[in-house]
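First comes the structure, then the notes that go with it.
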Amino acid sequence: MMNRMKNRGSISNPGISRETLSIHEEEIVLILDEMEKGFRVDASNLKDQKNLYDEKLLDLQKATEKNLGKRLRLNSSKELGELLFDQLNLPALRKTQKYCDSVSISVLERLLELYGTSYLFLGPLIEFKRIQPISKAIKTVFKKLGPDSRIHPEFNPFGCPTGRIYSYIQNLPREVRTCLIPDNEANVFIELDWSQQELRILAALSGEPVFLDCFSKGEDLHKRVISEMFHKPISEVTPEERRLGKTINFGLLYGQEAYGLAWNLNIPIDKARGLIDQYFSALTFIKGFKEESAERFWKEGFAETAFGRRTRLNLESGNTDKEIRRGFNHQIQGTGADLLRFTLVSLNEGLNRKMARLKFIAHDAVYLEALKESAPEIGEHAKAVMEIDFKGVHLPVTTKIHPDFSMGEAPS
DNA sequence: CGTGAATGCGCC
DNA sequence: AAATGGCGCATTCACG
């Protein structure tokens with residue numbers, strides 16, 4: 001334990017507000033330690049799954065190469081790029097960060113849409129790229145299996161400037177998480193999830209009346225936004241329109257602009273521009289908050305969460321747009337991270353560890369492990385702790401009880 | 001052969 | 001010129 005405390009070190013990011021964080025710093029470290037006990041793994045299930053996926057992958061590779069008429073190293077972005085853009089002369093739709101032609105799944109999907117009938121190998125290739133990460137993730141789990149047959153997350157509380165706490169277990173594909181199971185047969189996992197945490201934080205920080213009204217009435221935010229943009233009743237918002245609303249709402253959190261929205265929705269950039277205009281015309285406080293934030297960043301040189309966690313912004317040189325986006329996101333994502341930290345401490349104090357154990361965290365979710373019989377009651381208790389008002393905005397929590405770690409929602 | 005950059009995927 | 005925030009991991013590739 002002492003070793004661990006030492007290894008954690010102290011706050012390494014000079015931009016972080018020490019006053020705020022030091023309140024719970026040591027307790028957080030102890031809680032993370034506890035959670036690093038990690039998960040028991042259903043290894044035989046995992047092995048079976050891997051075999052199935054590997055079989056599929058082999059077939060898909062064969063199908064790809066058969067349709068292509070030659071061998072291909074599906075893993076090599078370089079080789080794939082040369083094939084698509086040099087040999088087959090397909091259009092390069094996106095650049096990578098280093099200005100190469102991207103061959104990511106999203107690019108391949110567009111190519112499939114455009115040229116799928118002439119290039120049959122695209123289908124199995126995409127499928128391959130989809131499935132391969134699952135097999136890889138399983139391999140990683142096996143690699144990380146300790147002598148105790150468990151996998152242990154390694155939480156780094158100070159790694160990320162926004163304050164988020166990361167672990168590789170957070171990004172295991174859902175299919176793999178099914179094989180992470182409670183410590184014994186009598187136990188279950190309790191998942192506690194803030195719904196739309198970041199959008200609610202944005203509502204509070206911006207004071208946007210549409211958001212506030214929507215949340216207080218318990219309406220669907222994505223539909224409501226469309227209703228405001230297109231001046232139509234919520235009941236007439238189509239599912240496709242709702243998806244559009246969702247895309248814009250989440251893009252907003254990351255500072256997405258017309259170019260990105262156009263790519264996401266597969267629409268012309270003018271149209272994306274129009275949609276963003278409509279969005280900000282309907283949600284003037286959001287627009288104001290964005291503008292006010294940027295001005296403040298320029299003046300102060302840092303962005304700050306609602307609880308004072310700071311990140312410095314480099315606005316003297318380089319990509320200042322990116323820095324402004326980062327700052328804007330920091331306010332929201334970082335505030336969410338603060339809330340999770342506070343919650344963690346409260347839960348830890350309130351839980352009877354004999355009955356329930358803090359098991360895992362994932363940014364806007366907390367997982368407990370408890371006896372099956374006591375799970376509903378413990379879930380209620382934890383929900384009450386987490387369900388707070390933030391600057392007058394209620395943060396509702398959904399509770400789910402699982403026999404394994406395959407939590408999460410179906411994509412909607 | 002190890003290392004680090006670059007890419008692309010996973011999750012929130 | 002870039003164009004969506006945060007991270008961890010595996011793989012490829014260039015280099016010493």
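Throughout, a chain's letter reflects where its sequence line sits, starting with A, and its residues are numbered from 1. Everything numeric here is computed off the predicted structure, so don't read it as measured data.
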So [X], base contact, sugar-phosphate only, or nothing? Heavy-atom distance under 4.0 Å.
X	result
A:Ala137	nothing
A:Glu257	sugar-phosphate
A:Arg325	sugar-phosphate
A:Gly260	base
A:Asn264	base
A:Asn75	sugar-phosphate

Hey, what bend do you get for the helix from B:dC1-C:dG16 to B:dC12-C:dG5 if you fit axes on five pairs at each end, rounded to 10°?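 Overall, the helix from B:dC1-C:dG16 to B:dC12-C:dG5 bends by 10° from one end axis to the other.
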Go through DNA chain C in 5' to 3' direction and return only the first and the last nucleotide with some atom under 4.0 Å of chain A's heavy atoms.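 Going 5' to 3' along DNA chain C, contacts run C:dA2 to C:dA14.
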- Should the pair A:Phe405 and A:Phe39 be assigned to parallel (<30°), tilted (30 to 60°) or perpendicular (>60°) ring geometry?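 Tilted, since the angle between the ring planes falls between 30° and 60°.
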May I ask you to decide if A:Lys136's main-chain N or O and A:Thr140's side chain share a donor-acceptor pair within less than 3.5 Å?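 Yes, A:Thr140 side chain to A:Lys136 backbone: donor-acceptor pair under 3.5 Å.
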Checking A:Ser135 side chain against A:Gln132 main chain: does a donor-acceptor pair fall under 3.5 Å?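 Checking the backbone N and O of A:Gln132 against the side chain of A:Ser135, no donor-acceptor pair under 3.5 Å is found.
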Neighbour count above 12 (heavy atom, 6.0 Å) for A:Lys383 NZ: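 Yes, because the 6.0 Å sphere around NZ of A:Lys383 holds more than 12 heavy atoms from other groups.
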inquiry  = So for atom NZ, which belongs to A:Lys95, do other residues, nucleotides or ligands contribute more than 12 heavy atoms lying within a distance under 6.0 Å?
reply    =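 Result for NZ/A:Lys95: enclosed.
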What's the gap between C:dA1 and B:dG8 when it is taken at their C1' atoms, as a whole Å value?
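Rounded to whole Å, the distance is 23 Å.
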Next on the checklist: In whole Å, measure the gap between the P atoms of B:dT7 and C:dA2 for me.
Outcome noted: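 About 12 Å, rounded to a whole number of Å.
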Are [X] and [Y] close enough for a salt bridge, meaning some N to O gap below 4.0 Å?
X	Y	answer
A:Glu257	A:Arg273	no
A:Arg40	A:Asp148	no
A:Arg94	A:Asp101	no
A:Lys223	A:Glu241	no

Whichever of A:Asn319 and A:Asn329 has its nearest DNA chain C nucleotide further upstream toward 5':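 That would be A:Asn319.
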*asked:* Quick check on ring-ring contact (aromatic ring centres under 6.0 Å, His included): which of A:Phe280, A:Phe328, A:Phe211 does A:Phe289 satisfy it with?
replied: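 Testing A:Phe289 for a ring-ring contact (aromatic ring centres under 6.0 Å, His included) against A:Phe280, A:Phe328, A:Phe211 leaves exactly one candidate, A:Phe328.
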Spatial distance of atom CZ (A:Arg224) from atom CD1 (A:Ile234) [nearest 0.5 Å]: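 Here the rounded value is 5.5 Å.
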Would you tabulate the pairs of protein nitrogen or oxygen atoms and nucleotide nitrogen or oxygen atoms of nucleotides 7-10 of chain B closer than 3.5 angstrom?
from: B:dT7; atom 1: OP1; to: A:Thr96; atom 2: OG1; distance (Å): 2.9
from: B:dT7; atom 1: OP2; to: A:Lys98; atom 2: N; distance (Å): 3.1
from: B:dG8; atom 1: OP1; to: A:Val103; atom 2: N; distance (Å): 3.0
from: B:dC9; atom 1: OP1; to: A:Ile105; atom 2: N; distance (Å): 2.6
from: B:dG10; atom 1: N2; to: A:Asn171; atom 2: ND2; distance (Å): 3.1
from: B:dG10; atom 1: N3; to: A:Asn171; atom 2: ND2; distance (Å): 3.3

Starting at CG of A:Leu192 and ending at P of B:dC12, how long is that distance when rounded to a whole Å?
->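 Distance, rounded to whole Å: 15 Å.
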